[in-house]
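Note that these values count all heavy atoms, side chains included, but never hydrogens, waters or copies made by symmetry. Just so it is clear: chains get the letters A, B, ... in the order the sequence lines come, proteins before strands, and each one is counted from 1. Just so it is clear, the structure is predicted and the values come from calculations on it, not from any experiment.
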Amino acid sequence: MIQALLDGVLTGAIISLGAIGLTLIMHMLRFANFSYAELLAIGAYASLVFDGLFSALVPVLDQAFAPLTLTGALALAMVIAMLVTGVSAVIIDRLVFRRIRQNADPLSMVFASFGVALVIRNVIVLIFGHHAQLYSQEIARAHVLSFDPLILIKPDQVFVLCLALVLMLALHLILTRTTFGFAIRAVAENPTLAQVAGVRLSTVIVAVWIIAGSLSAAAGTLYALTNQLNPLIGHVFLLPVFAATIVGGIGSVYGAVLGGFIVGIASGLALMLLPPGYAPAMPFLIILAVLILRPQGLFGEDPR
Amino acid sequence: MNDSILTLTGLTRDFGAFRAVDGVSLFIRRGSITGLIGPNGAGKTTLFNMVAGTLKPTSGTVALDGKDVTGRSAEALFRMGLARTFQIPRPFKRMSVIDNLLLAPPAQIGESVPGALFRRGRVAEQERALREKAQEILEFVTLDHLAEHPAGKISGGQMKLLELGRALMGDPTVILLDEPAAGVNPTLTAILIDRIEELNRRGMTFVIIEHDMDFVMRHCDPVIALAEGKVLFEGTAEEARVNPELLDAYLGAPA
Amino acid sequence: MIGLVSYLAFFLTMAGIMAIITLGLNLQWGYTGLFNGGIVAFFGAGAYGTMILGSGAEPDQFGGFDLPWLVAITGGVLFAAALAWVVGVLTLRLKHDYLAISTFGVAVALESLVRNSQWLTGGARGLRGFPRPFEDLVGDTFTYGLVFLAIVLVVLALVWWGIERLVHSPFGRALRAIREDETAARALGKNPARLRLWSLVIGSAIMGAGGGLYVSYTAFISPQDLLPVLTFQVWAMLIVGGAGNNRGAVLGAVLIWGVWTLSGFALTRLAPDSMQLDAGSIQYILIGTLIVTMLLWRPEGLLPERISQEPTKTADKAALEAKQ
Amino acid sequence: QDCTVDVGTVYPTSVDWGQPIAQTALWVGDMINEAGGVDGCEVNMILRDDQNDSRVGVDAARALVDLDGVQLLIGTVSSGISIPILTSVTAPAGVMQMSCCSSSTRLTEIAASGEANGLWFRTFATADVQAAVAAMLAQDAGIESVTVLFKNDDWGQDIGRIAAEAFEAVGITVHESIAINDAQPSYRAEATQALRDQPEALYLALYPTEGISFVREWIGLGGTSTMIGANSLKSDDFRAAVGLDNLTAFVGTDTSSPRVASADAFVDAYTAQFEGPPSGPGLANSFDAAAIALLAYHAAGRDATGADIAAQVTAVTDPEGEAIPATVEGFARAMEVLSEGGTVSYQGATGAVTFDANGNVSAPAVSWVFAEAGPSEERYISLEEVAAFMASMN
Amino acid sequence: MTSLGVVGLEAGYVRDLPILTDVDLVAESGRLTTIIGPNGAGKSTLIKAIAGLVPISAGRIVLGEQSITGLRPDLMGQHSLAYVPQTDNIFRTLTIDENLALTLRGEAGVRARITELYELFPALREKQREKAGGLSGGQRQMLAMAMALTRKPTVMLLDEPSAGLSPKIATEVLDLVRSLTDQGVTVLLVEQNVKQALRVADHCYILAEGRNQIDGPAADIAKDPVVGEIYLGGKRMSAA
Ligand SMILES: Nc1ncnc2c1ncn2[C@@H]1O[C@H](COP(=O)(O)OP(=O)(O)OP(=O)(O)O)[C@@H](O)[C@H]1O
Ligand SMILES: Nc1ncnc2c1ncn2[C@@H]1O[C@H](COP(=O)(O)OP(=O)(O)OP(=O)(O)O)[C@@H](O)[C@H]1O
Ligand SMILES: [Mg+2]
Ligand SMILES: [Mg+2]
């Protein structure tokens with residue numbers, strides 16, 4: 001039980017990390033962005049490429065920061081991947097979303113993002129192939145916290161947890177304490193009025209894409225680090241991320257992180273409550289339960 | 001007190017720690033045009049929201065025509081003959097102006113699934129009658145030329161007029177108007193008032209929140225003033241005009 | 001030639017089934033604003049319902065009622081409607097993405113259920129069907145293809161007729177009103193809970209009919225048929241075709257289904273041999289690009305909703321002239 | 001060759017494990033062409049992607065049958081797609097269908113009911129043999145308790161259930177059978193669950209993708225590295241991702257080629273063609289499916305109908321016939337014999353397969369381990385041995 | 001000091017369908033210019049066109065010497081222009097403080113300026129940490145007005161700022177606007193509260209059906225019987 005809860009929080013951490021960026025995008029651009037999943041994949045693959053590059057060029061970087069499996073090269077690669085993904089996100093916005101945004105309702109955006117996701121995912125398949133890849137063959141070993149009951153944790157996951165919490169705090173402060181954050185929220189509510197109030201839409205949108213893009217790259221990379229990397233990761237990882245975002249309440253970074261934990265814990269507890277075959281349904285059942293009690297998500301605001 | 005169509009007792013509403021309406025007890029005389037005035041934030045709209053079922057009161061009761069209706073839903077109240085307009089207009093933006101009106105009448109046969117599917121003739125008949133009535137109301141609120149226009153694309157004042165028209169479509173017995181004249185051109189306001197008085201003569205009861213003092217003073221009787229969630233004053237327009245507290249809190253200078 | 005006709009009949013059969021489902025969604029989204037993310041659940045409920053009622057007995061397997069086709073499919077539709085009713089009652093207060101993720105969850109849960117309940121649904125092995133309706137009367141497969149197409153078209157026409165009646169009646173008007181502004185609709189005496197429930201249930205029953213028709217044709221259903229991609233396809237059909245317009249919905253269904261399948265056909269014809277293995281991925285890229293292009297070209301859909309009887313512009317002009 | 005014979009192929013090329021399977025089938029087409037083609041005509045393998053979606057798969061099959069007029073359809077992997085194709089396209093149209101990898105027992109039922117009109121075949125051996133061999137290996141290794149992990153699809157549910165029964169039949173405790181669902185972001189919960197019982201060994205009926213995630217998690221949590229795996233894990237990706245160090249106590253099961261030269265011939269030819277040994281599930285089956293189907297087509301003649309081709313399958317898999325290996329030369333020889341009205345015994349990548357009345361094959365078994373150069377066979381278990389063991393179980 | 005001029009303006013929401021035709025207008029600096037007219041006359045459209053929110057198909061808008069035709073709305077602040085929309089003029093999901101801080105973005109002394117504004121609208125101070133969505137109709141108007149004032153603009157476009165305000169506050173707000181013009185600010189005021197508007201205005205334009213009708217000094221317009229009858233509510237006005 002304790003282990004299951006702990007597992008939930010730890011696996012939930014990585015979902016939280018993904019959800020932070022998504023909640024921002026969904027809040028600001030007011031549409032469920034399926035291509036966000038592919039941003040995760042772009043980030044993870046970009047890390048793969050740069051990781052290979054750096055560890056080849058500068059072999060010293062290939063040391064892992066014990067007890068993590070994260071190496072210097074990968075850490076560096078991740079930073080660059082965050083940039084690459086941020087920029088990709090902006091480019092995708094320029095090419096597709098911006099134009100649709102100007103003259104259609106958000107649903108068109110949702111399905112445009114679905115189309116974009118198909119394209120990106122399959123371009124990745126064409127470039128990298130279908131098969132699973134890893135940053136490092138090394139298997140992260142769990143540390144035993146206690147033998148009775150048996151409680152195990154992996155340092156990588158603790159690291160991700162801390163990172164998610166730090167990012168959550170940082171982003172929350174940005175949104176609630178800085179005028180830039182106000183601007184983001186203002187654009188989310190009423191773009192025209194935001195313009196009247198002196199906010200330059202394009203700047204804010206670009207900024208949000210860059211933030212969300214880089215967060216997704218970080219989430220994608222760390223997810224691939226703790227699991228594996230294949231062209232479907234975006235797709236596989238996206239569902240829990242969406243679920244976390246929504247159960248937490250769109251637009252709330254606290255909610256996103258809490259939602260991540262809820263989804264993580266739900267899938268951990270699923271096996272205790274239901275036969276394993278039902279595992280995929282469990283997080284959704286919990287979400288349904290939460291939403292029945294709080295229709296706008298845990299921290300969401302009632303529109304209007 | 002059988003001439004009271006609406007009876008409010010100890011009506012209270014809190015928003016968090018803030019008490020927006022604080023134990024308001026009132027009765028609205030059947031067939032009156034009651035004016036409700038008071039400073040901004042006095043709780044007038046909140047009071048309307050509670051009476052009309054849009055907000056649940058924290059405590060207190062509302063009786064409509066002698067029947068306790070506290071906590072009833074807005075839709076149920078509307079069907080019992082209580083209509084209201086919104087201070088900040090809420091048109092159905094992607095529906096045409098006339099559809100906004102046609103929506104309102106209760107007991108439409110075509111509003112049930114079997115009716116819509118299988119009672120074509122009766123539905124069409126009813127539609128025709130309603131359409132005529134809607135057209136008439138549109139003419140009266142000067143929106144007839146915009147009948148097929150999307151309601152989201154009319155001017156701010158026109159939206160207020162649409163609000164009024166929509167409420168009238170339901171043939172209510174009591175109608176709560178939240179600042180019907182704000183943003184409406186004075187010439188048109190005058191016409192509206194004529195119409196309201198005519199409807200009133202035919203028995204419709206009006207409760208009107210309004211900041212336009214000419215309007216209130218000339219046409220409302222009685223006048224009730226709220227301030228900080230409480231009833232500050234109740235009386236005739238004449239009395240209101242000279243009430244020192246009101247002058248200070250609300251009117252600012254002798255009107 | 002016969003082959004072409006036969007394939008065309010098949011293509012239209014599938015597109016017709018998709019169009020039926022899309023019409024159901026149009027009632028829910030286009031006219032009521034319900035973001036149903038679990039279309040496949042209702043499709044599946046209809047399909048499994050039809051299958052369980054219509055197929056013959058098998059060892060260790062619930063069902064085997066062997067009911068006549070029409071009864072079975074009606075049962076499937078009712079089953080989908082019942083599921084929708086339960087889902088509706090639970091999720092009535094949810095909106096937008098919140099409703100979408102909940103209904104999506106319902107679909108995942110249903111998939112889990114059928115995948116794991118061997119006794120009821122055959123588990124991952126799926127359920128075997130029953131002889132296709134009227135097949136024994138027709139005999140040859142080519143003619144049967146046309147007969148089945150006719151069945152689908154009749155259902156499509158019925159659904160179309162029903163929905164058109166509904167949405168062009170005061171009922172439809174009330175649906176659109178609650179889509180726009182629930183608070184205001186309530187203040188005008190409309191009961192959003194009732195209306196949304198009706199819309200959800202009717203739309204889902206229609207989706208269930210699509211599922212029932214589909215399994216009547218394939219004579220087989222398995223959890224593989226309950227994957228979310230169907231939900232996405234149907235949504236893409238509605239959005240590309242134009243939400244709030246039934247002609248748009250049907251056009252979108254035919255178009256997207258065409259893109260989805262014909263792109264594969266075209267690739268096997270046109271792409272060089274060296275690319276055949278990647279054709280699957282390339283096909284997805286094509287599909288994605290086409291959806292995006294269509295949305296870029298006509299973001300509001302090919303046949304968007306008409307708000308007034310006359311197009312806005314002429315109404316404006318008339319208004320202007322009237323004023324001057 | 002101035003004529004061509006169109007053959008339809010439907011495989012999930014846009015899914016990770018589907019592409020190599022399709023590739024292998026196309027390769028057989030090339031080999032047959034090199035050997036002279038079907039009845040002197042060039043084989044044109046028309047490949048369609050089923051996207052692992054039944055509606056798309058059915059449409060693809062339909063287009064192949066109606067528009068391309070194929071009489072032979074090879075495919076597909078997922079039973080959930082093969083079945084609707086069979087029931088709504090190939091069987092009604094009289095087209096023969098041969099699948100490499102569809103495993104559902106539903107197919108046996110459909111064939112037995114006569115619905116398939118004798119047009120259905122598959123080279124995938126049903127799950128019993130592999131499951132029994134797993135129990136056999138576990139018993140030999142002295143393992144006393146296992147936890148079963150199975151992919152939650154038709155194949156996995158079947159093999160997981162049969163394996164659990166087999167283990168218990170030989171007195172091995174089965175702590176738990178845990179379903180592993182596709183595409184989960186993490187298998188931590190499942191691993192933790194399995195860890196609670198501290199089993200001596202794991203039985204894995206998984207595919208590489210979730211196999212990698214699960215086993216890495218499992219080993220990371222300190223679980224035992226004694227594992228018995230189904231043939232689906234015979235994959236380089238799996239070996240590389242889990243690491244040979246962690247697979248020293250891994251033993252796999254497979255249906256196998258008999259100890260004849262042809263088994264190696266397939267591996268060698270494959271290695272030469274694709275610059276690496278066959279790795280990943282279904283490749284050998286895919287090879288045999290295509291080879292048998294095309295040889296039968298040859299025997300039936302270029303203008304044959306689906307039923308004609310189906311009727312010739314026995315001529316290709318006649319145990320009494322001349323043994324021919326799975327090479328271009330072998331194919332050429334086989335065609336010669338078949339053209340003269342003789343029969344051959346095709347010695348394929350999965351052995352000298354024969355089909356029963358329901359289109360199923362039975363095959364001998366093999367155990368294998370991971371080695372530096374790829375999977376390597378350890379022990380050959382003949383059909384008789386397997387049958388004897390299975391009989392001893394109940 | 002900048003005056004605002006509109007010359008031969010043609011603008012509308014849909015292409016080829018102008019709401020405004022050939023509108024001319026001058027709002028001189030340091031003076032209060034008001035626009036009145038029936039509902040749907042195009043008053044809001046005119047102000048939105050100036051603010052860059054409605055496409056302009058012909059004509060010019062000049063600020064001082066400079067043309068600001070088709071100005072990007074977010075750059076208005078840089079021209080010291082402020083605009084209070086008629087509807088949807090506050091951010092409901094932001095707190096009062098945040099609403100104000102947003103419009104002040106990047107300025108030094110944010111806190112001090114906000115405090116000054118609360119002096120003007122004490123009702124807002126009590127709610128400063130609350131979401132603006134919970135404000136009453138009148139309080140919203142106050143907030144919208146405060147938002148426009150944050151950056152001490154030299155040109156103000158006000159679309160019915162007094163609608164929904166109690167008579168006392170409405171008078172105060174209009175007096176405040178008046179006093180701003182005395183400090184040299186150019187004000188363009190749209191009002192349906194005609195009596196009050198004419199009381200404080202220097203000059204008045206009457207707009208109907210998207211065209212200029214009459215203009216003149218506010219005092220004259222108020223007395224003009226014909227104008228009064230048609231546009232100002234007839235006898236109601238004169239009686240008051
Ligand atoms: N968003 C819009 N899209 C299309 N037409 C519009 C839109 N907004 C207003 N209109 C049309 O433009 C005309 C002028 O509207 P405008 O808002 O400028 O009027 P106004 O003079 O401000 O009226 P009011 O005093 O009622 O606010 C109206 O007849 C209306 O139909
Ligand atoms: N949803 C809400 N959440 C929090 N506070 C609210 C909410 N609605 C109203 N209030 C507060 O309750 C008080 C009364 O508001 P109400 O809208 O009833 O005022 P009003 O008398 O209608 O004023 P006005 O004349 O300005 O429209 C105000 O101080 C307002 O801030
Ligand atoms: Mg109010
Ligand atoms: Mg206006």
Subject >> Heavy-atom contacts under 4.5 Å, residues 220-231 of chain A to chain D >> reply: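 Near chain D, by residue number: A:Tyr223, A:Asn227, A:Gln228, A:Asn230.
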**OP:** Select one option (side chain, backbone, both, neither) describing which atoms of A:Ile233 are under 4.5 Å from chain D's heavy atoms.
**Re:**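 Looking at A:Ile233, nothing touches chain D.
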Subject >> Region of A:Thr11 in contact with chain D, defined by heavy-atom distances below 4.5 Å >> reply: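 The answer is the side chain of A:Thr11.
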Original post:
Applying salt bridge (Lys or Arg N to Asp or Glu O under 4.0 Å), which residue pairs with at least one partner in residues 219-234 of chain D are found, sequence neighbours left out?
Top reply: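 As it turns out, the salt bridge (Lys or Arg N to Asp or Glu O under 4.0 Å) pairs with a partner in residues 219-234 of chain D, which skip direct neighbours, are D:Lys234-D:Asp254.
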Subject >> Flag side-chain contact, heavy atom, 4.5 Å: A:Leu271 against D:Glu190 >> reply: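 A:Leu271 reaches D:Glu190 side chain to side chain.
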Subject >> D:Leu195 and A:Leu152, any side-chain heavy atoms less than 4.5 Å apart >> reply: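 The answer is yes, as the side chains (C-beta and beyond) meet within the 4.5 Å cut-off.
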**OP:** Give, as side chain, backbone, both or neither, the part of D:Glu176 having an atom under 4.5 angstrom from any heavy atom of chain A.
**Re:**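 For D:Glu176, there is no contact with chain A at all, as no heavy atom is under 4.5 Å.
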**OP:** Sort D:Gln19 into side chain, backbone, both or neither according to what part of it lies under 4.5 angstrom from a heavy atom of chain A.
**Re:**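 For D:Gln19, the side chain is the part near chain A, not the backbone.
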Subject >> Residues from residues 156-168 of chain D approaching chain A under 4.5 Å (heavy atoms) >> reply: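 The list, in residue order, is empty: none.
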Subject >> Positions in residues 236-244 of chain D that reach chain A, provided some heavy atom is under 4.5 Å away >> reply: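 Answer by number: D:Asp237, D:Ala240, D:Ala241, D:Val242.
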What pair of heavy atoms forms the shortest contact from [X] to [Y], and how long is it?
| X | Y | value |
| --- | --- | --- |
| A:Ser267 | D:Ala189 | O-CB, 3.6 Å |
| D:Gln184 | A:Ala279 | OE1-CB, 3.6 Å |
| D:Leu221 | A:Ala142 | CD2-CB, 3.8 Å |

So, taking the atom named [atom1] in [X] and the one named [atom2] in [Y], what distance separates them when rounded to the nearest 0.5 Å?
| X | Y | atom1 | atom2 | result |
| --- | --- | --- | --- | --- |
| D:Arg216 | A:Leu134 | CZ | CG | 4.5 Å |
| D:Ser186 | A:Ile14 | OG | CD1 | 9.5 Å |
| A:Met272 | D:Arg196 | CE | CZ | 5.5 Å |

Original post:
What residue, out of D:Asn152, D:Ile212, D:Thr209, has the most heavy-atom pairs lying under 4.5 Å from chain A?
Top reply: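 Ranked by contacts with chain A, first place is D:Thr209.
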**OP:** Specify which of D:Asn181, D:Ile178, D:Asn246 makes the most heavy-atom pairs with chain A at under 4.5 Å.
**Re:**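 Most heavy-atom pairs under 4.5 Å with chain A: D:Asn181.
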Subject >> side-chain contact (heavy atoms from CB on, under 4.5 Å), paired with D:Pro185, selected from A:Val236, A:Val241, A:Leu239 >> reply: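 That would be A:Val236; it is the only one of A:Val236, A:Val241, A:Leu239 passing the side-chain contact (heavy atoms from CB on, under 4.5 Å) with D:Pro185.
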